[in-house]
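The sequence lines fix the lettering, A, B, ..., with proteins before strands; numbering per chain opens at 1. Atoms considered below: every heavy atom in the structure, side chains included; atoms not considered: hydrogens, waters and symmetry mates.
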Amino acid sequence: MTAPIDKLLDYAIPASLSSFVHIGTRVKVPLGRRMVWGFVLGVSTEEREGLKPIAEVPEDSPFFPPHLAAFYQRAAAYYHHPPGEVLRTALPAGITGKVQRVGVVHEKKYHALDAADQPKGARQQEILSWLRERKEAFGSEIGAVFPSPTPVLKRLVELGLVGEEEVERRRDPFFDLPVDADLRPSATEDQGQALAALQQALAAEEFAGFLLHGVTGSGKTEVYLKVIAAALEAGRQALVLVPEIAQTPQLVARFRARFKSGEHSIAVLHSGLSEGERYDAWRAIARGEVHIVIGARSAVFAPLDRLGVIVVDEEHEASYKQAEGFRYNARDLALMRGQREKAVVILGSATPSLVSYHRSREGFLQYLRLHHRVLGRPLPEVELVDLAGRSMEGSLSQEMLDALESNLQVGDQSLLLLNRRGFSPYLLCRECGATFHCPNCAITLTYYQSRRLMRCNYCDYAVAPPTVCPECGGGQIEPEGAGTERLEEELTASFPEARIARMDRDTMTRKGAHQKLVSDMEQGRIDILVGTQMVAKGLDFPGVTLVGVVGADAILNLPDFRSAERAFSLLTQVAGRAGRGERPGRVLIQTYAPTHHALQHASRHDYDGFYLEEIEYRRALEYPPFGHLVNLVISGIEGEKVAEAAERFCDSLQACAGEEVEVLGPAPCPLFRLRGRTRYQILLKSVTRAPLHRLLSRLPALRSALPRTLKLTLDVDPLDML
DNA sequence: AGCACGCCGACT
DNA sequence: GTCGGCGTGCTC
């Protein structure tokens, strides 16, 4: 059922429906007093008393091939999440709700019949001879050549010269987009070696997991393209996961360029699709018409039947983890799926997650390295700018200003990273020190000068900034610290002649905004691009020779055991944006902690050095990859009750836990209040997974002791614990 | 989730 | 004497 019920329910198959009910079919069934949508995960011929019958099987079934039923259930079991909710996440939206919001769209398709007759009308002759040439065509295709052809076609059908049929039409937003020219560079030596290993594994038709570790600009995409071509050649299919499609238009464009010929169909799944487009893409995949699926994390559930290759690009990205509801990690599920379907799984990254790198050293993943940038381009030189003891007027040091100035002089582009949205992270009363907090969340309100408001970045609460301090009545309320909006303003003041643009969640909301900014950068219409971590990802601008990181410390200082890893990875990624063209790049990182190991190793492009140092911290604390974590969050409106219940719940967990599982907490979450709810967390830690899963399987029983007004959320393998 | 049941206070 | 608040339990 698409309801949060922990178990699967059994229904009788009425004789009249028996030939339509298979694994993967969508069915309407009675549940209590209502009718709900469900999906068939298993079929049995055994007779059983007392089952309610399936009420209806719609025409658009089946939705997924039989072997995926087991995969979905495995995912549900691993994350201890109700199978129905898993299906709701996995399948396209709009088919499981009360109202059927999407449906099949039909279109007329015409074909010339075998008849020598010529019609009398000129228009009829014109269209018929065109159609005889083409053999068959959709109504819309004919309409594109001849204006309003429908009445003419109707007459031709009546005359028996043309046949028509209703066919299902796939809504495809990429259908009309122009395709770039395909460049097929020959493989470098590194790429050749990686490809040989991958193709051998593909030919073996067994599961094989790879970590493709290639510095930025080393040509990982070309490796993906070539392996996928080999898989298609062998009659198998490919699944490509990317962190966020909207941010990787260049990658999608290269796939479309390479596989544009009619024989291979690509489906692109992403959050920007309408429900109808998503539904159509899903159905086309389920019918076996699609050979390559490119998509964000939920594409890991796509109903491909003969998978040969799964690519997880930028595997270290946190966006592979769904942060609410069914909290799965698409990278981990991709490995699970690859094992079940005997596919080759490639995790690609310039900065692999510590966990994946560790798994490659342990032998679970085969390690492939691309050492060099293509065309022998050098990695940029990185300098750390120590801010300690300086007084700066704005956010930028003299070194940074000088570097920007000289880059402007020679006409090169610069990229500045500041991982903070808005104008300033908070407003401060100069007289009494008051700051302004979100009433729903334990966080200061970010000040947005352009819109004259203070906004919570977590719950979107917004309010006009006060002109007098509500605490002391003083009138000196000023922004403290800087976000991208303020940085953009500072730059405009320092470099009035420069063309400056900003890229963050606030400027990228309009449809096509991202595309426009990318093309402006590519065409050299921007001198300085300011942005949040968005600018660090997936973009390839050959004109950028200077990258500046304005506040490295904001990334380092999050209260999370992974903050060093995240900082190393983000800094390395953004540094890799410099010098991808003909001229070498340069990177400046401003920090108050220049000796931090993440910064030191990032500045030397030394992944292994970082790994060897960071892995010892993890080992000492039994954090991943040495221990496995589950984060339990108990939340509710009334803070007192939550604290009390969390305490009691923790005790009962402790009582069940046994020796191997450590139960830590309860502790207030770093975001103690979020969207009006008070939150406590309990962390479970274990060196092996089995005892952890045993404890979690007792959770439904333990949960019933919690008051129903409180919510318990469960996060297996959490990525952040805020 | 969504629906029914059941137990308490406030009203015609 | 009944209407409706929400805490609790169940759904093949």
Problem - ring pair (Phe, Tyr, Trp, His ring centres under 6.0 Å): pairs with one or both residues in residues 701-722 of chain A, sequence neighbours excluded - result: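 Found none.
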
Exercise for the section: Pick base, sugar-phosphate or nothing for A/Pro30, based on heavy-atom distances below 4.0 Å to the nucleic acid. Expected result: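 The residue A/Pro30 makes sugar-phosphate contact but no base contact.
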
Practice task
Would you indicate what A/Leu51 reaches in the nucleic acid, counting non-hydrogen atoms under 4.0 angstrom: base, sugar-phosphate, or nothing?
Solution key: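 Answer is sugar-phosphate: A/Leu51 comes under 4.0 Å of backbone atoms only.
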
Handout entry: Aromatic ring proximity A/Tyr320/A/Tyr328, centre distance under 6.0 Å
Key =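 Ring-ring flag for A/Tyr320/A/Tyr328: false, centres at least 6.0 Å apart.
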
Practice task
Taking heavy atoms of chain A and a 4.0 Å limit, find me the 5'-most and 3'-most nucleotide of DNA chain C within that range.
Solution key: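 Answer, 5' to 3': C/dG7 to C/dC12.
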
Exercise for the section: Anything under 30° is parallel, anything over 60° is perpendicular, the rest tilted; go ahead and classify A/Tyr79 against A/Phe326. Expected result: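 Perpendicular, since the angle between the ring planes exceeds 60°.
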
Please report, rounded to the nearest Å, how far the [atom2] atom of [N] is from the [atom1] atom of [X].
{"X": "A/Arg708", "N": "B/dG2", "atom1": "CZ", "atom2": "P", "answer": "15 Å"}
{"X": "A/Leu712", "N": "B/dA1", "atom1": "CG", "atom2": "C1'", "answer": "17 Å"}
{"X": "A/Arg34", "N": "B/dA4", "atom1": "CZ", "atom2": "C1'", "answer": "12 Å"}
{"X": "A/Arg33", "N": "B/dA4", "atom1": "CZ", "atom2": "P", "answer": "6 Å"}

Practice task
Please collect all salt bridge (charged side-chain N to carboxylate O under 4.0 Å, His left out) contacts where either partner lies in residues 68-85 of chain A, sequence neighbours excluded, each pair once.
Solution key: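 Matches after skipping sequence neighbours: A/Glu85-A/Arg88.
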
Handout entry: Sidechain-backbone polar pair: A/Glu660 side chain, A/Val687 backbone, donor-acceptor under 3.5 Å
Key =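 No.
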
Handout entry: Donor-acceptor pair (no angle test) under 3.5 Å: A/Arg88 side chain, B/dA1 base
Key =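 No, no donor-acceptor pair under 3.5 Å.
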
Handout entry: Residues A/Tyr78 and A/Asp717: side-chain donor-acceptor under 3.5 angstrom
Key =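 Present: a donor and an acceptor within the cut-off.
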
